[in-house]
Asks: 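My questions all concern the structure below.
All chains are named by letter (A, B, ...) in the order of the sequence lines, taking the proteins before the strands, and each is independently numbered beginning at 1.
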Amino acid sequence: MFKKVLIANRGEIAVRVVRACREMGIASAAIYSDADRAALHVSKADEAYPVGPAAARESYLNVAKIIDVAKRCGAEAIHPGYGFLSENAQFARACAGAGIKFIGPPPSAMELMGSKTRARTAMHAAGVPMVPGSARGLSLAEAEEMAAKVGFPVMIKAAAGGGGKGMRLVKAPAELKSSFETAQSEAQRAFNDGEIYLEKFIEDPRHIEIQVLADEHGNVVYLGERECSVQRRHQKVIEEAPSAVVDQDMRQRMGAVAVQATRSAGYTNAGTIEFLVDAQRNFYFLEMNTRLQVEHPVTELVTGLDLVQLQFRIASGEKLPFRQEDIGLRGHAIECRIYAEDPENNFFPSPGKITRLLRPSGPGVREDSGVYQGWTVPLDYDPMLSKLIVHAADRGAAIARMRRALDEYFVGGIKTNLPLFRRILDHPDFVAGRIDTGFLDRLLATPATAVSGANTLADIAAVSAALFAATAPHKNGQNAGARIGVDSRAQASTWKRMARSEGVRKE
Amino acid sequence: MFKKVLIANRGEIAVRVVRACREMGIASAAIYSDADRAALHVSKADEAYPVGPAAARESYLNVAKIIDVAKRCGAEAIHPGYGFLSENAQFARACAGAGIKFIGPPPSAMELMGSKTRARTAMHAAGVPMVPGSARGLSLAEAEEMAAKVGFPVMIKAAAGGGGKGMRLVKAPAELKSSFETAQSEAQRAFNDGEIYLEKFIEDPRHIEIQVLADEHGNVVYLGERECSVQRRHQKVIEEAPSAVVDQDMRQRMGAVAVQATRSAGYTNAGTIEFLVDAQRNFYFLEMNTRLQVEHPVTELVTGLDLVQLQFRIASGEKLPFRQEDIGLRGHAIECRIYAEDPENNFFPSPGKITRLLRPSGPGVREDSGVYQGWTVPLDYDPMLSKLIVHAADRGAAIARMRRALDEYFVGGIKTNLPLFRRILDHPDFVAGRIDTGFLDRLLATPATAVSGANTLADIAAVSAALFAATAPHKNGQNAGARIGVDSRAQASTWKRMARSEGVRKE
Amino acid sequence: MIYEVTIAEKTYRVELVRTGEQWTCKLDGREFPLDVVSLQAGDLSLLLDGKSYEVKQENAGPEAAVVVGQERFAVAVRDPRSFRSRRRAGGDERGPRKITAPMPGKVVRLLAEVGAHVEAGQSVIVIEAMKMQNELKAPKTGVVKKINVAKGAAVEAGQSLAEVE
Amino acid sequence: MIYEVTIAEKTYRVELVRTGEQWTCKLDGREFPLDVVSLQAGDLSLLLDGKSYEVKQENAGPEAAVVVGQERFAVAVRDPRSFRSRRRAGGDERGPRKITAPMPGKVVRLLAEVGAHVEAGQSVIVIEAMKMQNELKAPKTGVVKKINVAKGAAVEAGQSLAEVE
């Protein structure tokens with residue numbers, strides 16, 4: 001096993017990998033930009049080295065600098081996390097060139113799957129079911145032609161894209177040009193590659209993906225599926241395992257296709273095959289993510305495995321410690337991605353200082369966080385704060401548990417999307433498992449309903465707001481030092497005991 | 001299912017039960033003493049009612065008051081947690097008398113098992129293996145006689161005892177009198193019952209217990225064992241599941257005995273049969289705990305079940321939703337009991353205000369806590385703050401995970417036993433599973449070894465202490481407002497970048 | 001102390017009287033039995049008729065908010081003697097027809113010119129931040145009266161970028 | 001600023017110079033490269049030769065302590081200009097031969113009388129707190145010189161209960 005691993009990432013995934021290193025006795029080396037000196041992953045790692053200015057291109061995407069740091073600090077391997085350089089084949093090659101193990105697939109497989117167009121061709125050849133569309137990059141003119149052929153609506157995608165960036169749904173010919181250009185410029189910015197292709201848009205599909213693990217000795221297994229249909233702007237918001245619509249038979253068929261795709265790509269380490277599933281439960285290859293997924297914890301909870309630790313074992317040349325038949329799924333897991341964004345304001349990012357952070361705990365609750373109370377969320381990167389994941393005996397219990405966990409979660413100082421999750425988890429369609437990639441947009445199109453008992457709650461809010469104002473520490477004048485009693489004994493005044501017993505009587 | 005449940009307890013277990021209620025859609029009613037108005041279980045519950053002064057006898061042990069509150073607030077059932085009234089048959093009878101369901105076994109079974117002496121007689125009759133000793137309460141004279149018969153060392157126990165209270169090991173005749181009297185007065189104080197009995201002391205036994213669940217339709221299952229051998233003064237400190245010495249065959253034999261004991265006692269709901277296991281892996285009945293155990297989470301993690309939710313289902317008349325053959329154990333779980341006590345000062349309780357609380361999270365980590373940052377731990381009750389529980393694929397991975405979780409755990413303002421756990425988890429005997437009830441005393445008899453690299457750490461401690469002093473907010477004089485830079489960008493000064501690159505070179 | 005607290009257009013008159021550690025409270029004249037303790041700064045435990053409420057203070061953006069249980073209430077607290085709070089109270093009124101930057105970022109495209117007619121909801125400006133492009137839409141149907149920024153400009157949160165009239 | 005920090009009988013001389021947000025540091029004369037940021041009050045992130053250390057301030061009991069990574073260090077900080085800190089530094093010295101109550105509780109039994117000979121480690125007083133009885137032992141072999149409390153008395157943390165000489 002490696003003695004030291006450099007983690008070429010930041011935020012919750014860097015912390016996640018540091019934890020895996022700590023548990024395996026591997027020294028962890030973090031990197032940080034000038035914006036991240038005080039970030040959680042820096043203080044949690046055994047070592048930390050600066051790699052440049054805040055702008056990702058000059059730090060977390062700075063291949064030469066990162067390789068240099070890895071060599072200087074004696075790291076034997078680099079874990080790329082997700083995003084940033086995790087799907088960058090040149091980076092993987094640079095690691096190999098520097099004698100450092102890249103913890104992920106071989107560059108060839110990354111390139112094949114990294115190009116959506118080449119991947120489509122290869123998967124098509126491997127007999128993997130595909131959505132009709134172009135198998136290569138298109139000019140605007142070609143795109144218009146192809147769109148006419150397969151018929152609107154169509155989906156425009158960046159060949160180098162991922163995470164919804166450089167991706168646009170086009171419902172009518174008139175919208176094609178501006179969407180094409182927006183996607184192209186976004187892709188150029190995000191991936192430095194403006195290649196765009198086009199596919200028939202499947203109405204209200206489910207997004208279901210299969211986790212695979214492949215060692216470097218030819219063993220490939222699948223770890224069941226993840227249902228990722230709750231999305232906004234093609235960004236996953238909630239993921240769960242297993243899927244409400246996948247039975248054992250469908251799981252085996254999807255798994256077999258995923259394993260076949262993995263083998264045919266010469267793929268190793270952890271990977272994910274994403275499928276679109278239509279209303280008849282037909283599944284079509286969407287893309288392969290050649291890295292650890294954000295949502296890997298739901299698979300960890302239902303399988304009882306630690307995917308990051310397995311990534312280390314595979315990368316260090318070990319064989320998979322189990323076979324397909326050893327893998328069982330127990331219970332149901334759900335993940336919510338907590339973002340610093342304002343649900344009341346079109347989900348715009350809401351960076352800033354976290355003044356309060358109350359985190360859920362107790363049975364079946366896991367939080368993978370990249371932040372802490374007092375941390376100022378920088379503008380410069382993806383606004384995900386943490387992932388809240390629950391595990392329970394079945395889907396109903398998991399939903400109830402997630403509601404409970406969300407009730408315990410509080411972030412002060414910045415806006416987050418926490419309120420959105422409560423709406424989703426209370427929605428009858430979600431509870432019934434009737435979800436597809438259009439579910440969240442439909443939900444957001446309907447106004448949030450007022451809560452029952454809102455009047456009492458509003459009264460309490462009003463009184464509390466006054467109390468906070470009256471006891472604010474910075475407050476001057478005659479209220480200075482006004483405090484709400486904290487000594488509980490001092491609270492047991494006569495009139496309050498009276499009020500309480502009245503309360504009891506009123507029950 | 002019940003609409004409202006009153007929780008006749010405090011601290012982490014009250015919060016644990018509130019969470020189960022929330023997840024099952026049951027309204028939770030908390031009770032609190034004057035010392036606990038600001039306690040976590042009060043703010044987390046849906047309702048909360050005062051039951052009297054700080055002294056437990058006047059509040060949490062006040063049967064009449066608690067029943068009265070339950071009736072007034074319309075609770076259909078009462079969950080007693082552990083400790084306090086959880087094993088008090090009169091309380092269970094009072095609940096029944098008031099038409100309130102007591103969530104636990106019938107009073108008759110509590111009384112039978114609650115009296116160690118009657119329990120011994122009954123279990124003996126049921127063919128359960130026993131440790132030689134007295135089957136009934138003894139006078140001092142009788143105790144001396146019995147001790148002479150079975151031979152020293154002997155164990156003196158309070159018939160009504162539990163949790164090590166009123167329990168004393170006596171190694172020689174000379175110690176018998178004072179130990180007998182101490183145990184008796186302690187038992188009188190704690191349980192208002194001075195009955196004392198005596199048993200042959202098994203040298204260095206393991207303490208292994210079996211969790212059972214019995215519904216009210218005659219179905220009884222066992223949920224595997226818990227190894228609780230790491231104890232100090234007969235108080236469990238670390239528990240784990242499964243035990244390193246229990247194989248499937250032994251598990252089935254212990255389980256069969258436990259189920260037999262449960263049936264013969266007419267027992268229902270959750271219970272635990274404690275066994276002593278000697279070096280030859282013979283097991284002897286120790287006692288039955290007629291309530292939920294502190295350490296129930298390790299069983300929940302390896303079985304994937306929620307014991308508190310199952311307690312509710314059983315109490316509301318449902319049948320067990322599974323049979324023995326449906327129950328499987330996955331992975332390994334370990335629990336550490338975090339106490340407000342000073343390991344450097346003979347583990348005396350260390351109540352006070354929690355000024356900082358940093359809690360572990362991430363993969364496989366669960367915390368069941370009864371406290372929060374800013375809470376002042378009262379003198380009046382058991383000093384347990386929370387339970388830290390981890391789950392991983394095997395025992396080795398679980399130990400590594402617990403070490404990692406402990407590294408993330410920080411409690412400021414009061415002393416805790418956190419440092420003790422690091423010593424235990426690093427001890428080769430614990431790592432090898434060579435533990436018995438004498439393990440911890442032996443460990444504590446040897447001085448803690450200094451850490452490697454202590455010099456550098458001490459340098460850093462010295463510099464940091466000076467920095468804390470220099471930047472202390474209350475500090476007056478010319479240092480007023482001195483601050484350590486928090487804006488990371490401001491940190492990237494030339495000389496520091498230099499220092500860093502030197503650092504890199506030194507690697 | 002007397003405060004005027006505005007929540008969703010409704011204004012409450014909250015009268016607090018403190019005697020030692022004790023508070024008594026009148027809400028719009030009604031006696032409001034107050035059993036409250038501070039758990040930590042910005043976090044209250046409040047008991048009312050036996051019901052337990054945890055109330056947390058959230059300070060996001062210009063307007064304050066409190067969270068009661070899971071319900072979030074935007075609040076504007078006005079101390080009749082205070083001046084500053086009057087401005088904050090204004091923060092809750094209907095906004096102007098401006099297009100403002102909801103967070104710091106960079107203007108990557110302008111989709112309309114001054115004088116152009118725009119439909120309500122039509123995209124006018126695209127800003128990029130945290131690697132996401134976001135289209136800022138016209139708050140109403142009308143004519144673009146002003147555009148205060150150029151393509152490529154860095155903008156601050158709350159900065160007025162354009163006006164539609 | 002100059003501080004004398006005592007850790008396990010060793011005293012360090014720490015010289016801090018602050019220029020704006022920057023700190024430079026000398027430890028016993030050695031230049032100590034200081035790359036430090038405050039994560040939150042009482043919590044520092046410190047980088048030294050690339051190694052990352054999180055340092056937390058713990059204030060338990062009379063003596064201060066800092067935790068570096070997982071290692072806890074009892075520290076006595078002495079500001080040569082400060083008076084108060086001199087007393088705190090004293091807190092780290094060897095204690096007297098007193099038997100003191102380590103926490104508040106109630107005396108439930110006295111196991112020796114004034115004038116009695118006791119062996120080191122022999123129980124002298126039993127106090128009960130949090131429902132646990134704890135036997136306070138003689139710190140040394142000798143004669144019980146004083147007993148300051150009676151059975152049933154409530155005692156405070158740190159209170160001197162008896163003396164052995």
Asks: How long is the span from the CZ atom in A:Arg422 to the CZ atom in C:Arg72, to the nearest 0.5 Å?
Replies: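 Rounded to the nearest 0.5 Å, the CZ-CZ separation comes to 11.0 Å.
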Asks: Check whether C:Asp28 gets within reach of chain A through its side chain, its backbone, both or neither, counting any heavy atom under 4.5 Å.
Replies: neither
Asks: Less than 4.5 Å apart, side chain to side chain, heavy atoms only: is that true for A:Leu457 and C:Tyr53?
Replies: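 When only atoms from C-beta onward are counted, C:Tyr53 and A:Leu457 do touch, with a gap below 4.5 Å.
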Asks: To the nearest 0.5 angstrom, please state how far the CD atom of C:Gln57 sits from the OG1 atom of A:Thr355.
Replies: 8.5 Å
Asks: With side-chain contact (heavy atoms from CB on, under 4.5 Å) as the criterion, how do C:Lys137 and A:Asn346 come out once you've worked through the C-alpha distance, each side chain's angles and the decisive distance to 0.1 Å?
Replies: CA-CA 11 Å; C:Lys137 302 187 188 313; A:Asn346 196 26; 5.7 Å; no
Asks: Please classify the contact between C:Val126 and chain A as side chain, backbone, both or neither, with a heavy-atom cut-off of under 4.5 Å.
Replies: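 Looking at C:Val126, nothing touches chain A.
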Asks: Checking C:Val55 against chain A: side chain, backbone, both or neither under 4.5 Å from a heavy atom?
Replies: both
Asks: Give me the atom names and distance for the closest heavy-atom approach of C:Val14 to A:Ala466.
Replies: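 Closest heavy-atom pair between C:Val14 and A:Ala466: CG1-CB, 3.6 Å.
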Asks: State which residue, out of C:Val5, C:Val36, C:Leu44, C:Leu34, fulfils the side chain to side chain contact (heavy atoms under 4.5 Å, CB included) condition with A:Val463.
Replies: C:Leu34
Asks: Distance-only, no hydrogens or angles: does the A:Arg356 side chain make a donor-acceptor pair with backbone N or O of C:Ala41 under 3.5 Å?
Replies: yes
Asks: Write down the atom of C:Ile7, the atom of A:Ala462, and the distance for their closest heavy-atom approach.
Replies: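 Nearest heavy atoms, C:Ile7 then A:Ala462: CD1-N, 3.7 Å.
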Asks: Contact part of A:Leu358 toward chain C, heavy-atom cut-off under 4.5 Å: side chain, backbone, both or neither?
Replies: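 Answer is side chain: those atoms of A:Leu358 sit under 4.5 Å from chain C.
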Asks: Which pair of non-hydrogen atoms, one from C:Asp43 and one from A:Phe468, has the smallest distance, and what is that distance?
Replies: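 The answer is N-CE2, 3.9 Å.
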Asks: Any chance you could measure C:Glu71, atom CD, to A:Ile460, atom CD1, to the nearest 0.5 Å?
Replies: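 It is 11.5 Å, given to the nearest 0.5 Å.
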Asks: Does NZ belonging to C:Lys26 count more than 12 external heavy atoms closer than 6.0 Å?
Replies: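 Counting other residues, nucleotides and ligands, NZ of C:Lys26 stays at 12 neighbours or fewer.
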Asks: Could you walk me through whether A:Ser185 and C:Val108 pass the side-chain contact (heavy atoms from CB on, under 4.5 Å) check?
Replies: CA-CA 10 Å; A:Ser185 76; C:Val108 292; over 6 Å; no
Asks: Locate the shortest heavy-atom distance separating C:Tyr3 from A:Ala470; write the atom from each residue and the value.
Replies: OH-CA, 3.2 Å
Asks: When rounded to the nearest 0.5 angstrom, what distance separates OG1 in A:Thr456 from NZ in C:Lys51?
Replies: 9.5 Å
Asks: Around C:Arg109, counting heavy atoms of other residues, nucleotides and ligands shown, do more than 12 lie under 6.0 Å from its CZ?
Replies: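 Yes, because the 6.0 Å sphere around CZ of C:Arg109 holds more than 12 heavy atoms from other groups.
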Asks: Take atom NZ in A:Lys171; do more than 12 heavy atoms of anything else shown fall under 6.0 Å from it?
Replies: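 Not more than 12 within 6.0 Å, no.
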Asks: Could you go step by step and tell me if A:Leu406 and C:Gln70 meet the side-chain contact (heavy atoms from CB on, under 4.5 Å) rule?
Replies: CA-CA 9 Å; A:Leu406 288 166; C:Gln70 280 43 266; over 6 Å; no
Asks: Quick check: do A:Ser464 and C:Leu46 have side-chain heavy atoms less than 4.5 Å from each other?
Replies: yes
Asks: Let me know if A:Ser178 has heavy atoms under 4.5 Å from chain C in its side chain, its backbone, both or neither.
Replies: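 Looking at A:Ser178, nothing touches chain C.
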Asks: Under 4.5 Å from any heavy atom of chain A, what part of C:Gln40 do you find: side chain, backbone, both or neither?
Replies: side chain
Asks: Looking only at heavy atoms, which two atoms of A:Phe410 and C:Lys56 are closest? And how far apart?
Replies: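 Shortest heavy-atom separation between A:Phe410 and C:Lys56 comes out as CG-CD, 3.5 Å.
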Asks: Calculate, to the nearest 0.5 Å, the distance between atoms CG and NZ belonging to A:Leu379 and C:Lys106 respectively.
Replies: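 It comes to 13.5 Å.
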